[in-house]
Amino acid sequence: DFDREIKVVVLGNGGVGKTSMIRRFCKGIFTDEYKKTIGVDFLEKAQFVDALQEEVRFMLWDTAGQEEFDAITRTYYRGAGSAVIAFSTTDLDSFKAVPSWKDKIIAECGDIAMCLVQNKVDLIDRAVVSGEDVEAMARQLGLKLYRTCVKENINVTEVFGYLAELHHKK
Ligand code: GDP
């Protein structure tokens with residue numbers, strides 16, 4: 001029985017690593033290609049959060065790129081207490097789409113705990129956006145920035161710990 005439960009939605013353009021991030025965090029695995037199921041996949045993970053000195057139950061939904069369908073959208077966002085807005089180091093469109101993902105979260109869920117995630121930092125030599133531009137985007141949107149490599153498990157746990165902490169403060 002957990003005192004703390006938090007539903008986290010992971011958003012961002014296709015291919016930025018949302019499914020990979022959810023699998024990595026919940027199951028501790030990474031593979032290059034996941035077989036994406038139609039509909040919404042549910043995963044959960046209990047994780048001790050240092051900042052709260054408490055175990056938190058994270059509940060995550062993976063939409064497998066079906067977010068554009070209204071029926072799924074509603075199930076997906078309902079009750080979400082926090083959100084990851086992710087983009088990829090190597091995909092400029094995914095970076096440009098960040099403000100619209102934030103607007104979407106606010107429209108569906110209100111001002112919940114959110115952060116900005118730049119994934120695939122292992123591919124930094126192929127970056128299509130500068131560090132300064134990324135920091136400017138985070139500042140402008142008022143979001144804390146995490147740079148992650150889901151592939152090598154860098155900063156993934158930190159993202160979820162931060163969201164639990166921010167959610168607790170709100
Ligand atoms: P989604 O469409 O946002 O759910 O993205 P996926 O999780 O399906 O990932 C898209 C592709 O990016 C897959 O081939 C992943 O293996 C790959 N990927 C995810 N995270 C990383 C990362 O940190 N580094 C690298 N190099 N590839 C990644």
Side-chain angles (χ1 to χ4, degrees), residues 6-45 47 49-51 58-68 72-73 76-77 80 82-106 112-166:
I6 182 170
K7 176 174 170 177
V8 186
V9 292
V10 181
L11 300 162
N13 285 10
V16 302
K18 299 181 298 295
T19 296
S20 302
M21 182 174 296
I22 292 166
R23 306 268 144 179
R24 167 61 89 190
F25 180 63
C26 294
K27 298 189 164 180
I29 54 167
F30 179 87
T31 58
D32 254 341
E33 225 17 89
Y34 292 107
K35 191 173 151 289
K36 299 216 171 181
T37 49
I38 301 297
V40 181
D41 212 11
F42 169 77
L43 285 158
E44 62 177 33
K45 162 89 175 167
Q47 173 80 42
V49 176
D50 288 335
F58 292 90
M59 294 173 289
L60 286 102
W61 273 259
D62 183 10
T63 61
Q66 307 283 307
E67 299 91 326
E68 68 266 33
I72 287 176
T73 300
Y76 188 60
Y77 287 88
S82 66
V84 172
I85 305 174
F87 70 97
S88 163
T89 300
T90 59
D91 179 352
L92 189 57
D93 283 343
S94 74
F95 177 68
K96 289 182 180 163
V98 163
S100 66
W101 284 112
K102 187 186 174 195
D103 291 344
K104 176 95 172 151
I105 295 161
I106 290 180
I112 59 173
M114 294 173 220
C115 70
L116 181 62
V117 168
Q118 175 177 10
N119 188 37
K120 308 196 190 184
V121 293
D122 54 309
L123 305 177
I124 204 78
D125 55 336
R126 284 167 41 194
V128 293
V129 57
S130 72
E132 290 79 10
D133 286 347
V134 173
E135 279 150 27
M137 174 76 84
R139 236 186 347 264
Q140 192 186 318
L141 297 178
L143 300 173
K144 183 164 168 138
L145 169 67
Y146 281 89
R147 292 188 166 100
T148 66
C149 174
V150 169
K151 187 175 183 177
E152 283 148 30
N153 202 15
I154 296 166
N155 253 352
V156 177
T157 309
E158 285 79 355
V159 165
F160 291 95
Y162 169 74
L163 288 176
E165 187 189 353
L166 188 60

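Atoms considered below: every heavy atom in the structure, side chains included; atoms not considered: hydrogens, waters and symmetry mates. The chain is numbered in sequence order, starting from 1.
With contacts defined as side-chain heavy-atom distances shorter than 4.5 Å, the pair V9/W61 does not qualify. Contact annotation: the side chain of M137 approaches that of P99 to within less than 4.5 Å [non-hydrogen atoms, C-beta and beyond]. In this structure, K27 and L43 have side chains that are in contact, with non-hydrogen atoms separated by less than 4.5 Å. Contact annotation: the side chain of I85 never approaches that of V117 to less than 4.5 Å [non-hydrogen atoms, C-beta and beyond]. Counting heavy atoms from C-beta on, the side chains of V156 and Y146 never come closer than 4.5 Å.
Annotation for A164 and I6: closest pair CA-CD1, 4.1 Å, computed over non-hydrogen atoms. Closest non-hydrogen pair, C115 versus V159, comes out as SG-CG1, 3.9 Å. Residues C149 and D122 come closest through the heavy atom pair SG-OD1, 3.4 Å. Between L145 and A138, the shortest heavy-atom distance links the atoms CB-CB, 3.9 Å. When all heavy atoms are compared, the tightest approach of K120 to G15 is NZ-O, 2.8 Å.
The closest donor-acceptor contact from the side chain of R24 to the backbone of K151 lies under 3.5 Å. Of the possible donor and acceptor atoms, one in the side chain of N119 sits under 3.5 Å from a partner among the backbone N and O of V16. Between the side chain of K102 and the backbone N or O of M114 there is no donor-acceptor pair closer than 3.5 Å. Proximity of a side-chain donor or acceptor of K7 to a complementary backbone N or O of Y76 within less than 3.5 Å is detected.
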#### Entry: E135 vs R147, salt bridge (Lys or Arg N to Asp or Glu O under 4.0 Å): CA-CA, chis, key distance, verdict
CA-CA 11 Å; E135 279 150 27; R147 292 188 166 100; 3.1 Å; yes

#### Entry: M21 and T148: CA distance, side-chain angles, deciding distance, side chain to side chain contact (heavy atoms under 4.5 Å, CB included) verdict
CA-CA 9 Å; M21 182 174 296; T148 66; 4.1 Å; yes

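In this structure, CG in L143 is found 9.5 Å from CG in L166, a value given to the nearest 0.5 Å. Distance check, rounded to the nearest 0.5 Å: CG of L60 to NZ of K18 gives 13.0 Å. Expressed to the nearest 0.5 Å, how far CG of L163 lies from CD1 of I112 amounts to 9.0 Å. Going from atom CG of L116 over to atom CZ of F95 covers 7.5 Å, rounded to the nearest 0.5 Å. Between atom CD of residue E165 and atom NZ of residue K144 there is a gap of 8.0 Å, rounded to the nearest 0.5 Å. Of the inter-residue distances, the one linking K45 atom NZ with I22 atom CD1 reads 14.0 Å to the nearest 0.5 angstrom.
Identified under the side-chain hydrogen bond (donor to acceptor under 3.5 Å, both in side chains) test for residues 153-162, with sequence neighbours left out: none. Applying the side-chain hydrogen bond (donor to acceptor under 3.5 Å, both in side chains) test to every pair with at least one member in residues 83-100, sequence neighbours left out, gives these pairs: S88-T90, T89-Q118.
Not counting sequence neighbours, the partners of F25 by the ring-ring contact (aromatic ring centres under 6.0 Å, His included) test are F58, F160.
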